[in-house]
There are 2 protein chains.
Amino acid sequence: MMSSSAITDRLRAAGLRPTRQRLALGALLFGGGADRHVTAEELHGEAVSQGTRVSLATVYNTLNQFTAAGLLREVMVGPGRLYFDTNIGDHHHFYVEGDGTLLDIPADKVSIARLPAAPAGMSVERVDVVVRVRR
Amino acid sequence: MMSSSAITDRLRAAGLRPTRQRLALGALLFGGGADRHVTAEELHGEAVSQGTRVSLATVYNTLNQFTAAGLLREVMVGPGRLYFDTNIGDHHHFYVEGDGTLLDIPADKVSIARLPAAPAGMSVERVDVVVRVRR
DNA sequence: ATACTTGCAAATCGTTTGCAATACC
DNA sequence: GGTATTGCAAACGATTTGCAAGTAT
């Protein structure tokens with residue numbers, strides 16, 4: 001569990017003013033302890049039903065700012081479905097086709113034995129493994 | 001190189017009438033020999049600049065029909081960027097951030113040593129590896 | 001006081017769809 | 001001729017943006 005002052009500090013460290021909206025969204029994202037995967041719509045819904053007045057546009061902006069600041073990571077699984085993941089460490093995902101949900105796979109559960117060298121003049125930024133599963 | 005009658009046959013086998021538009025798009029996709037990665041916009045541009053009269057909506061419909069017929073595979077790399085891959089075999093991708101291009105990685109260049117079991121009641125459909133690279 | 005944020009509504013982007021006109025068998 | 005396909009334009013869903021009003025430092 002993360003205290004609200006810890007969230008304030010985190011925002012300050014990222015150069016973002018701790019506004020009411022950012023604090024509320026930050027608490028939803030980082031306050032629960034467990035890693036989360038959310039879309040902008042989902043997070044907006046949570047904020048609103050919790051009583052926080054915030055517009056969807058601000059949720060989008062905030063998620064993008066958090067991502068730029070390295071507090072979140074984008075995960076792309078389906079067209080028209082952009083998730084933001086609070087787990088910014090090394091890990092992969094299960095993607096459940098049908099319900100369109102994402103589940104973390106801890107990095108130590110997947111090991112990639114061989115990878116090709118990056119094409120000439122390019123460097124590897126990240127390797128994403130998505131295991132598509134179906135019920 | 002694939003002859004136009006071979007494309008006609010392929011369309012017929014998929015239950016699709018070999019119309020002028022589908023033949024032209026099929027020739028662009030499958031006629032060149034090498035595997036291709038295209039977006040609908042790109043393919044439409046190619047068709048138009050080659051003199052084929054075809055609407056963007058038809059390109060979208062055709063790509064979806066080809067995919068449903070197993071002639072193409074969808075690859076998702078970035079939000080708002082759906083690629084269609086003529087290589088339907090087992091393989092992975094380099095995604096070049098910045099230019100937003102895709103490169104195939106042959107299946108035998110990647111080996112995944114360990115994978116977690118699928119969550120209870122689910123079966124693994126496919127494992128996608130995307131190696132994000134940057135110049 | 002000043003610069004940064006927010007909210008709204010409009011704009012944009014990629015993609016899909018309804019429907020009348022057209023092409024294929 | 002009858003059904004599948006096309007093109008257009010409108011509809012769509014997700015995301016971004018311009019700008020005036022509000023808020024943090």
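Residue numbers begin at 1 in each chain, while the letters A, B, ... track the order of the sequences.
- With salt bridges taken as basic N to acidic carboxylate O contacts below 4.0 Å, one links A:E46 and A:R36.
- Among D:dT15, D:dT17, D:dT6, the nucleotide with an atom closest to any side-chain atom of A:N61 is D:dT17.
- Among the nucleotides C:dT15, D:dT15, C:dG7, the one closest to the side chain of B:A40 is C:dT15.
- With D:dT3, D:dC8, C:dG7 as the candidates, the nucleotide lying closest to the side chain of B:R17 is D:dT3.
- Across C:dT5, D:dT15, C:dT15, the shortest atom-to-atom separation from the side chain of A:R22 is found for C:dT5.
- Using a 3.5 Å distance cut-off with no hydrogens or angles, the side chains of B:H92 and B:D128 do not pair a donor with an acceptor.
- When each of C:dT16, D:dG7, C:dT15 is scored by its nearest atom to the side-chain atoms of B:L82, the top-ranked nucleotide is C:dT15.
- Closest contact between the side chain of A:L16 and the listed nucleotides D:dT15, C:dT15, C:dT5 involves C:dT5.
- When distances run from any side-chain atom of B:A57 to the nucleotides D:dA24, D:dA9, D:dA4, the shortest one goes to D:dA9.
- For B:T58, a side-chain nitrogen or oxygen approaches OP1 or OP2 of D:dG7 to under 4.0 Å.
- Two residues, B:T19 and B:N64, neighbour DNA chain C, and the one matched to the more 5' nucleotide by heavy-atom proximity is B:N64.
- Of the two residues near DNA chain D, A:R53 and A:T39, the one whose nearest nucleotide lies more 5' is A:T39.
- Using a 30° and 60° split on the angle between ring planes, A:H91 and A:H37 fall in the tilted class, from 30° to 60°.
- The nucleotide whose nearest atom lies closest to any side-chain atom of A:P18 is, among C:dC24, D:dT25, D:dC8, D:dT25.
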